[in-house]
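A short write-up of the structure that comes next.
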Amino acid sequence: MKTFYVTTPIYYVNREPHLGSLYTTIVADCLTRHKRQRGHETFFLTGTDEHGINIQRIAEREGITPREHADRIATQFKKMFRMFHLDTEHGGYDIFMRTTERFHYEGVSELWRRAARNRSPKGRENIYKGFYEGWFCASCAAYKTEDEYRKAEEEGQPPLCLEHNIPLDRVSEESYFFRLSDYSETLLELFERPGFIRPESRRNEVISFVKSGLQDLSVSRLKTSVSWAIPVPDDESHTIYLWIDALSNYITAIGFGNQERERVAGFEKFWPAVHLVGKDILRFHAVYWPAFLIAAGLEPPRVVYAHGMLLDGEGRKMSKTLGNTIDLDVLHKHFQTDAVRYFCLREVVFGQDAKFSYEALIDRANSDLASGLGNLSSRTLTMINRYCGGQVPSALINEEKYLAAKRAGVDPDPQALASALEHARDQFIIFFDDFAFSRAIETAWGVVARVDKMLSNAKPWELVKTEEQHQTLHAVLYRAAEALRWLCVLLYPVMPEATARIYEQLGLQGSPAQLNPGSLRWGELPEGTRIGEVKALFPRIDKAKTMSEIEKANEQAGGTHATEADAVAGAEAKSETKPEPPMRGATEAEAVPGAESVEGVTQFIEITDFAKIDLRVGQVLTAERVPKSDKLLRFTIDLGEETPRQVLAGIAEYYEPEKMVGRKLVVVANLKPRKLRGFESQGMILAASIGEEGRPVIATFTEDVPNGARLK
RNA sequence: GGCGGGGUAGCUCAGCCGGUCAGAGCGCAAGAUUCAUAACCUUGAGGUCGGGAGUUCGAGCCUCCCCCCCGCUACCA
């Protein structure tokens, strides 16, 4: 039996569940159900990523243990998935993976050991300790090996990063490294596999990233700095950093490195997987992860599919600060699960960003589901009830009635309709295999339109009036009912509940889940079947009313949040109040280079260290953009010295040069001068770095200060 | 700045190698109809296919230039 293994990212427990995680999980669920119908043995993984310094900190702030915090968030995820019927009981995921499980520890250790035992493609150690030669590039957020930096021209100066051409810092923390730099060729070869990275445009991005040169990856932290993590095998003093820990969940969950899970799922049986990931974490899954696997002598994933982000109705990122998020409780309260699923799969072109708004959802639900599929089902079944005594009628039109049928505009031969359905069926499957869910669904809706038209043309309500046309009437209604049956089978993965209900209303036993869409044959709807009670599947949603209810709920929620925020004013902002991309799933949450990596090496300094930094008050005399640079502004600044300094700063995207003139600010006065875009910068302007994109906000004084005054 | 992807009806988008390609769905309007969840069916939108130039018998679809948007990436001491 063929197997199919699909994963969502494991969601990082630094924030509560949000629409993004729901979306990815819905897609995975849909894929799984479709494959199951097609006769594959499937395994569907989702879960949470629970280690790391961030979780340690959050827990500290909450006054609980990291484990308790992780439990809390994991529970919320499970609850959310249950709410939207994505849990095991509803036929959803097979495992809710947690990286704090014991079997995961075992599997991760095994992966590490195997990688460490093997040699890289260039015959070197895969994992090595890189502590004595700890040249760290702040921009790369990575350590540099000898062939990745250039010696400084002067004796005694730090070497320069080849990529950034900036001096490297000597960092004392020791760390294990993964020899990623030896894997470029191997990876580029892997990317040639058709469909390995999708969509195609993303594949190109990854290729150009790899071609630009890979650096070795720091894969451990000192236990003294990150204790909430899996220990490095055979080295008590280190813990395994994000990458290997989080990514390897995809194999430990199905039994790599542990008997317990192997029995339940089966690594040999299910690996390799199809990974569904947000586009923001594609690199980790398409580059690092395959490299780890290859290093350990394992097969890389089958597919890494990067999907897009869900944006608000205006196309902006969703964020709590903007107040444009979709509240999952609200969503659940006002919409059927199947309507949400339908919207996610039909409105969104899988792989691309999409707008997600309550209004659009209501429109889709009303036009496609209520007026479309729901109405077709309703009119068909009602007519069978009324004209055929509630039993699926005969499909047969005797030869002597052919003429009558034709007179009524009905083809005595159902072949045309049957062929159309077969074609739609084949297209549907092709689209599904290509992850083109929206196209597949469009195809199904072509069938809905066709059957609607057939009914309108044949006018069963007229046929019923003439005895001679009763066979025609029955045949037409049979055809409609049979088409409905096909639609149930095709659309089951998209809307498991609604299709099951139509199926039931058709009087059929069992569930469309058990039928293979590829095996649909015309005419297998048994005649004489007593149909069930006809009920509206998708009640029409009153848009105005629903929207005003939602808005009211939002206002209340907004008010509550504000109060809470006030109550903890002064406390650090919680991570979930920061504007973050909605799709930021777990496996990557920590994986923002520069964030955690830098934190990992932050150490206390002595007051004497601080005294080395000469901070001065400066006043901007002139300011202008640096030609051919997006970000650089060139200033001359009066530091109370004889001649003003020339200083460059990368703030052009956020500050108008004209408005900077005359401003007082803080300058690092004894920074080693450096050339940028041909201009020497003789200092550095201090600014706060805000939010995801690091928007600079320049440090200023509220009182008057003389130029050149020293800060200490 | 480099690389990549886009800019087509009010909205969301199809349009493969250039010649029924000027389209679909939604929304909107009119008509028809009553089996159905004010639904279904028919018809209509006269949109410079981002702007300009060119190649061609003929160009959303090819070439060049320009404008705008998005993604990746450099610079941001």
Side-chain angles (χ1 to χ4, degrees), chain A residues 138-139 163-167 199-209 211-212 279-280 282-283 306 308-309 311 313 315 346-349 352-355 359-360 363-387 438-439 441-442 445-446 448-449 451-464 473 476-477 480 534-541 626-633 647-654 667-687 689 694-696:
Chain A
S139 286
E163 210 172 315
H164 298 93
N165 202 28
I166 60 173
E200 195 69 16
S201 55
R202 296 287 157 200
R203 171 174 169 268
N204 295 333
E205 286 178 11
V206 176
I207 288 175
S208 74
F209 171 74
K211 280 188 175 163
S212 75
K279 63 181 184 184
D280 51 339
L282 172 61
R283 182 186 300 170
M309 305 268 229
L311 310 167
R346 169 62 186 83
E347 182 89 358
V348 180
V349 175
Q352 296 185 0
D353 289 356
K355 293 173 186 172
E359 287 96 331
D363 288 343
R364 277 283 175 206
N366 280 344
S367 64
D368 294 5
L369 298 180
S371 303
L373 182 63
N375 182 59
L376 176 62
S377 170
S378 167
R379 69 193 301 208
T380 302
L381 293 166
T382 302
M383 286 192 279
I384 290 178
N385 257 339
R386 193 171 302 180
Y387 306 147
S438 61
R439 302 290 298 277
I441 293 171
E442 278 182 89
W445 254 256
V448 172
V451 176
D452 260 331
K453 187 182 281 192
M454 175 189 77
L455 290 174
S456 296
N457 290 343
K459 300 187 181 61
W461 50 96
E462 296 288 341
L463 298 178
V464 73
L473 165 71
V476 165
L477 291 181
V534 181
K535 273 190 285 196
L537 296 156
F538 306 104
R540 188 163 298 279
I541 300 169
V626 173
K628 294 187 180 179
S629 165
D630 301 335
K631 301 195 180 179
L632 284 176
L633 288 185
V647 174
L648 282 83
I651 57 174
E653 289 173 306
Y654 303 94
V667 175
V668 183
N670 61 343
L671 204 60
K672 190 182 163 203
R674 197 198 141 198
K675 273 200 169 182
L676 288 169
R677 293 262 167 201
F679 296 98
E680 185 174 80
S681 183
Q682 303 160 325
M684 170 178 168
I685 293 171
L686 286 194
S689 181
R695 177 173 62 89

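Just so it is clear, the model here is predicted, and its values are computed rather than measured. Scope of the values below: all heavy atoms of this structure, side chains included, with no hydrogens, waters or symmetry mates. Naming convention: chains lettered A, B, ... in sequence-line order (proteins, then strands); numbering from 1 in each chain.
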Set of residues satisfying side chain to side chain contact (heavy atoms under 4.5 Å, CB included) with respect to A:Lys211, sequence neighbours excluded: A:Leu188, A:Ile207
Partner set under side chain to side chain donor-acceptor pair (under 3.5 Å) for A:Arg379, not counting sequence neighbours: A:Asp452
Rounded distance (Å) that lies between atom P of B:rU34 and atom CZ of A:Arg386: 13 Å
Pairwise C1' distance for B:rG1 and B:rU12, with rounding to whole Å: 34 Å
Distance, rounded to the nearest Å, where A:Glu200 contributes CD and B:rG4 contributes C1': 12 Å
Considering all heavy atoms, the nearest A:Trp461-A:Leu455 contact: CH2-O, 3.7 Å
Assigned glycosidic conformation for B:rA74 [threshold 90° from 0]: syn
Those residues that, when tested against A:Asp363, pass side chain to side chain contact (heavy atoms under 4.5 Å, CB included) (two or more places apart): A:Lys543
Separation of atom CD1 in A:Ile685 from atom C1' in B:rC76, rounded to whole Å: 11 Å
A:Asn204: side chain to side chain contact (heavy atoms under 4.5 Å, CB included) partners, not counting sequence neighbours: none
Pairwise P distance for B:rG27 and B:rC21, with rounding to whole Å: 26 Å
Heavy-atom closest pair, residues A:Ala480 and A:Thr380: CB-CG2, 3.6 Å
Sugar-phosphate, base or nothing in reach of A:Leu381, heavy atoms under 4.0 Å: nothing
Which atom of A:Trp445 lies closest to which atom of A:Asp368, heavy atoms considered: NE1-O, 3.1 Å
Residue whose nearest RNA chain B nucleotide is more 5′ - A:Ser377 or A:Lys459: A:Lys459
All pairs passing salt bridge (charged side-chain N to carboxylate O under 4.0 Å, His left out) where residues 453-462 of chain A contributes a residue, at least two apart: A:Glu462-A:Lys465
Atom-pair distance (CG on A:Asn204; C1' on B:rG2), nearest Å: 15 Å
Nucleotide B:rC35, atom P - distance to OH of A:Tyr387 in whole Å: 5 Å
Can you name the atoms? Protein N/O to nucleotides 9-17 of chain B N/O, anything below 3.5 Å, with the distance.
| from | atom 1 | to | atom 2 | distance (Å) |
| --- | --- | --- | --- | --- |
| B:rU12 | OP1 | A:Lys355 | NZ | 3.2 |

Backbone N/O of A:Gly308 and side chain of A:Asp353: donor-acceptor pair under 3.5 Å: no
Rounded distance in Å between the P positions of B:rG44 and B:rA24: 9 Å
Contact list (N/O, under 3.5 angstrom) for nucleotides 40-43 of chain B vs protein:
| from | atom 1 | to | atom 2 | distance (Å) |
| --- | --- | --- | --- | --- |
| B:rC40 | O2' | A:Arg379 | NH1 | 2.9 |
| B:rC40 | O2' | A:Ser456 | OG | 3.0 |
| B:rC41 | O4' | A:Ser456 | OG | 3.3 |
| B:rU42 | OP1 | A:Lys453 | NZ | 2.7 |

5′-ward residue of the pair A:Leu369/A:Asp363 relative to RNA chain B: A:Asp363
Distance, rounded to the nearest Å, where A:Arg203 contributes CZ and B:rG71 contributes C1': 17 Å
Results of side chain to side chain contact (heavy atoms under 4.5 Å, CB included) for A:Arg540 - residues two or more places apart only: A:Asn366, A:Ala370, A:Ser371
P spacing across the pair B:rA53 / B:rG71, given as an integer number of angstrom: 32 Å
Stems involving RNA chain B, each a run of at least 3 consecutive Watson-Crick or G-U pairs under 3.5 Å: B:1-7 with B:67-73, B:10-13 with B:23-26, B:28-31 with B:41-44, B:50-54 with B:62-66
Which nucleotide in B:rA77, B:rU34, B:rU37 has an atom nearest any side-chain atom of A:Met684: B:rA77
Whole-Å distance separating the CG atom of A:Asp368 from the C1' atom of B:rG25: 8 Å
Euclidean distance for P, B:rG52 against B:rC67 (whole angstrom): 15 Å
Euclidean distance for C1', B:rC61 against B:rA22 (whole angstrom): 12 Å
Residues that A:Asn375 engages under side chain to side chain donor-acceptor pair (under 3.5 Å), provided they are two or more places apart: none
Touch class at under 4.0 angstrom, heavy-atom based, for A:Glu462 against every strand present: sugar-phosphate
In B:rG60, glycosidic geometry as syn within 90° of 0 or anti otherwise: syn
Atom C1', compared across B:rG58 and B:rA74: separation rounded to whole Å: 44 Å
Shortest non-hydrogen contact between A:Ile685 and A:Ala649, atoms and distance: CD1-CB, 4.1 Å
Distance between P atoms of B:rU42 and B:rG4 (Å, rounded): 45 Å
Nucleotide B:rG4, atom C1' - distance to CD1 of A:Ile207 in whole Å: 12 Å
Residues that A:Glu442 engages under side chain to side chain donor-acceptor pair (under 3.5 Å), provided they are two or more places apart: none
A:Thr382 side-chain proximity, nearest of B:rU37, B:rC35, B:rU34: B:rC35
